[in-house]
Amino acid sequence: MFISGRMLIGLGIGLAQTVASSYVSETIALRVRPFVLGFAPLYALGLIPFLPESPRRLIYNDRREEALDILARFNGCDRDDADAQLQFREVIDALEYEKSEGKGLGFREIIRNALNRKRTYLALSVAPLTMLTGSNVITYYYGTMLTQAGIKSSKMQMEIKFVLFAWQFVVTVSGSILDEKLGRRMLDLASLGTCTIIFYLTYMVNASWNVLFFIWAFFFWVETKGKTLGEVDELFDGFKHSDVPNLRHVQNKQNMATVSLED
């Protein structure tokens, strides 16, 4: 019952995290997206009453001016800026494509076709991957492990736990900073590979699970580094739903123009 309950809760958490991270991805500038996604749980609860509607939802309900204002605000620019206009056009084109294909925003869309089912099982894979890599062994049995290792003083155990939590904070910050530099897929594979090696020296069952997760992530997870949500769609569908150029291409042209002016 305990294991079954953990699996059910894990799937629910996975879906909730996917919705929250998708919303943040829509309403934050690309250059700070990894950092904000890494720290969203710390402040999201208090900000929920003040959050704007999803731009995608606004455009879907023909509230385009509001959506453009939100995209411009979260990109730190005005409405006429190329970044805001490109993302605005991407969402419009994607929604028009979905409407032409008879698609909507209902829950049935997550299993309607093979590509959406792929998105769904990739999202759901995050929960068991997080729960079964072995970190929960430490979470639940850390005190017992320290006692068996000869560290029986409650004060010493508390000090060790404090150091562990501080280290976890450092790792979280580092991961958020490196997200757009190394890519999410690379960070995931690196952490899974390291966990697997270490667990094979302490916990063989979890290590064996991690081998399967590593293979899964290597072959099925997609890299989203530096991509807008419209560009991420292209990774699944094989084509872009909009004819606007990729954001990175536009930014490179802007950078080249800036350099030319400085010269």
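The figures here come from the full heavy-atom set of this structure, side chains too, leaving out hydrogens, waters and symmetry mates. Along the sequence shown, the residues carry numbers beginning at 1. Everything quoted here is computed from the prediction, not taken from an experiment.
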Q.
The test is salt bridge (Lys or Arg N to Asp or Glu O under 4.0 Å); show your working for Arg63 and Asp69 and say whether it passes.
A. CA-CA 10 Å; Arg63 296 163 62 183; Asp69 287 337; over 6 Å; no

Q) Is there a side chain to side chain contact (heavy atoms under 4.5 Å, CB included) between Leu192 and Trp209 once you walk through the steps? A) CA-CA 10 Å; Leu192 274 174; Trp209 271 111; over 6 Å; no

Q: Tell me, with the steps shown, if Tyr142 and Ile160 meet side chain to side chain contact (heavy atoms under 4.5 Å, CB included).
A: CA-CA 10 Å; Tyr142 197 54; Ile160 293 175; 2.9 Å; yes

Q | side chain to side chain contact (heavy atoms under 4.5 Å, CB included) between Val244 and Phe88, intermediate numbers included | A | CA-CA 10 Å; Val244 299; Phe88 181 63; over 6 Å; no

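Summarising the geometry of Arg79 relative to Gln85, their closest heavy-atom pair is O-NE2, 2.6 Å, with the distance given to 0.1 Å. Among all heavy-atom pairs drawn from Phe214 and Gly193, the shortest one is CD1-N, 4.0 Å. When every heavy atom of Pro55 is checked against every heavy atom of Ala67, the shortest pair comes out as O-CB, 3.7 Å. Contact record, Ser242 with Arg89: OG-O, 4.0 Å, taken as the closest heavy-atom pair. Shortest non-hydrogen contact noted between Leu95 and Tyr60 is CD1-N, 3.6 Å.
In this structure, the side chains of Asp233 and Arg119 come closer than 4.5 Å at one or more pairs of heavy atoms.
Screening Leu71, Ile92, Asp81 against Gln87 for a side-chain contact (heavy atoms from CB on, under 4.5 Å) leaves a single residue, Leu71. Each of Leu164, Val171, Val170 was evaluated against Gln168; a single residue qualifies, Leu164, per the side-chain contact (heavy atoms from CB on, under 4.5 Å) test.
Comment: Glu90 does not engage Lys227 in a salt bridge, judged by the lack of any side-chain N to carboxylate O separation of less than 4.0 angstrom.
Applying the salt bridge (Lys or Arg N to Asp or Glu O under 4.0 Å) rule to Asp188 yields no partners; only residues at least two apart in sequence or on another chain are considered.
A cation-pi contact, defined as under 6.0 Å to the ring centre and within 45° of the axis, is absent between Arg185 and Phe220.
Applying the side-chain hydrogen bond (donor to acceptor under 3.5 Å, both in side chains) rule to pairs touching residues 150-167 yields Thr147-Gln157, sequence neighbours excluded.
Placement of Tyr200 and Phe213 within a single hydrophobic cluster is found when ILVMFWY residues are connected by side-chain heavy-atom separations under 4.5 Å, directly or transitively. In the hydrophobic clustering of ILVMFWY residues, with side-chain heavy atoms under 4.5 Å counting as a link, Leu212 and Phe218 come out together.
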